[in-house]
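Some notes on the structure that comes next.
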Amino acid sequence: EVQLVESGGGSVQSGGSLTLSCAASGFAFSNYAMGWARQVPAKGLEWVSAINSAGDSTSELDSVKGRFTISRDNAKNTLYLRMNSLKPEDTAVYYCTKFKTTWYYTNTYSGWYDGWGQGTQVTVSS
């Protein structure tokens with residue numbers, strides 16, 4: 001029933017920008033914290049950013065703080081990740097994630113989530 005569909009990934013030069021979107025359906029979107037995680041083969045899964053259900057509290061991985069901005073539009077059941085000043089180390093598959101709770105957790109643990117998107121590839125070249 002839960003469906004999360006990411007879009008907006010692509011290939012950009014270092015320093016460029018991308019905005020990822022996640023269209024959510026099949027659940028009460030406004031009742032759950034949402035987040036973004038990324039996966040690189042050499043590093044595995046890594047938590048990136050999260051936002052509480054109300055959208056008035058956010059948290060970001062230190063390495064993306066100041067460059068990435070998570071937001072949500074509960075009226076549109078959509079989650080966003082604005083990525084600026086992209087670096088090659090940001091290259092990964094990015095996943096939209098649904099927390100089981102209204103609040104979020106910042107440590108990387110798949111047990112916090114009960115919904116995942118299909119992922120969208122972000123590639124940043126030097």
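Not measured: the values here are computed from a predicted model. Computed from heavy atoms alone, side chains included, the values below leave out hydrogens, waters and symmetry copies.
What you find for Ser49 and Glu60 is that their closest heavy atoms are OG-CG, 3.5 Å. Contact record, Thr106 with Ser59: CG2-OG, 3.5 Å, taken as the closest heavy-atom pair. When all heavy atoms of Leu4 and Ala24 are compared, the closest pair comes out as CD2-CB, 3.6 Å. Closest approach of Thr101 and Trp103 over heavy atoms only: OG1-O, 2.6 Å.
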What do the steps show when you test Thr19 against Leu81 for side-chain contact (heavy atoms from CB on, under 4.5 Å), and what is the final call?
CA-CA 6 Å; Thr19 297; Leu81 185 68; over 6 Å; no
Are Tyr105 and Phe99 close enough, and set up right, to give a side-chain contact (heavy atoms from CB on, under 4.5 Å), and what steps lead you there?
CA-CA 8 Å; Tyr105 298 87; Phe99 285 84; 4.3 Å; yes
Decide yes or no on side-chain contact (heavy atoms from CB on, under 4.5 Å) for Cys22 and Tyr80, but give the supporting numbers first.
CA-CA 6 Å; Cys22 171; Tyr80 304 96; over 6 Å; no
Full working for side-chain contact (heavy atoms from CB on, under 4.5 Å) between Val2 and Asp114:
CA-CA 9 Å; Val2 173; Asp114 63 357; 5.8 Å; no
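Side chain of Thr78 to backbone of Ala23: no donor-acceptor contact under 3.5 angstrom is found. Side chain of Ser14 to backbone of Ser126: no donor-acceptor contact under 3.5 angstrom is found. Remark: side-chain polar atoms of Glu6 are paired, donor with acceptor, to backbone N or O of Gln118 under 3.5 angstrom. Arg72 places a side-chain N or O within donor-acceptor distance of the main-chain N or O of Asn52, the cut-off being under 3.5 Å.
Aromatic ring orientation, Trp116 versus Tyr95: perpendicular (interplanar angle above 60°, classes split at 30° and 60°).
Linking Ile, Leu, Val, Met, Phe, Trp and Tyr residues whenever their side-chain heavy atoms come within less than 4.5 Å leaves Val122 and Val40 in two separate clusters. Linking ILVMFWY side-chain heavy atoms closer than 4.5 Å, directly or via other members, places Phe29 and Val5 in two distinct hydrophobic clusters. Both Leu45 and Leu61 are members of a single hydrophobic cluster when ILVMFWY side chains are connected at heavy-atom separations under 4.5 Å. Hydrophobic clustering (side-chain heavy atoms under 4.5 Å, transitive across Ile, Leu, Val, Met, Phe, Trp, Tyr) groups Val124 together with Leu18.
Residues Gln121 and Thr123 have side chains that bring a donor and an acceptor to within less than 3.5 angstrom of each other. Donor-acceptor pairing under 3.5 Å is recorded for the side chains of Tyr104 and Ser57. Counting only N and O atoms by type, the side chains of Ser17 and Asn84 include a donor and acceptor under 3.5 Å apart. Of the N and O atoms on the side chains of Ser85 and Arg67, not one donor lies less than 3.5 Å from an acceptor on the other residue.
The side-chain heavy atoms of Leu79 and Trp36, taken from C-beta on, include a pair separated by under 4.5 Å. Phe27 is listed as a side-chain neighbour of Tyr32, based on a closest heavy-atom distance under 4.5 Å. Within the 4.5 Å cutoff, no side-chain heavy atoms of Leu20 are placed close to those of Arg82. Within the 4.5 Å cutoff, no side-chain heavy atoms of Thr97 are placed close to those of Trp47.
For the atom pair CE of Met34 and CG of Asn77, the computed distance is 9.5 Å after rounding to the nearest 0.5 Å. The CZ atom of Arg38 lies 14.0 Å from the OG1 atom of Thr120; values are rounded to the nearest 0.5 Å. Atoms CH2 and NZ, from Trp112 and Lys98 in turn, are 14.5 Å apart once rounded to the nearest 0.5 Å.
The 12-atom threshold is exceeded at NZ of Lys65, counting heavy atoms of other residues, nucleotides or ligands nearer than 6.0 Å.
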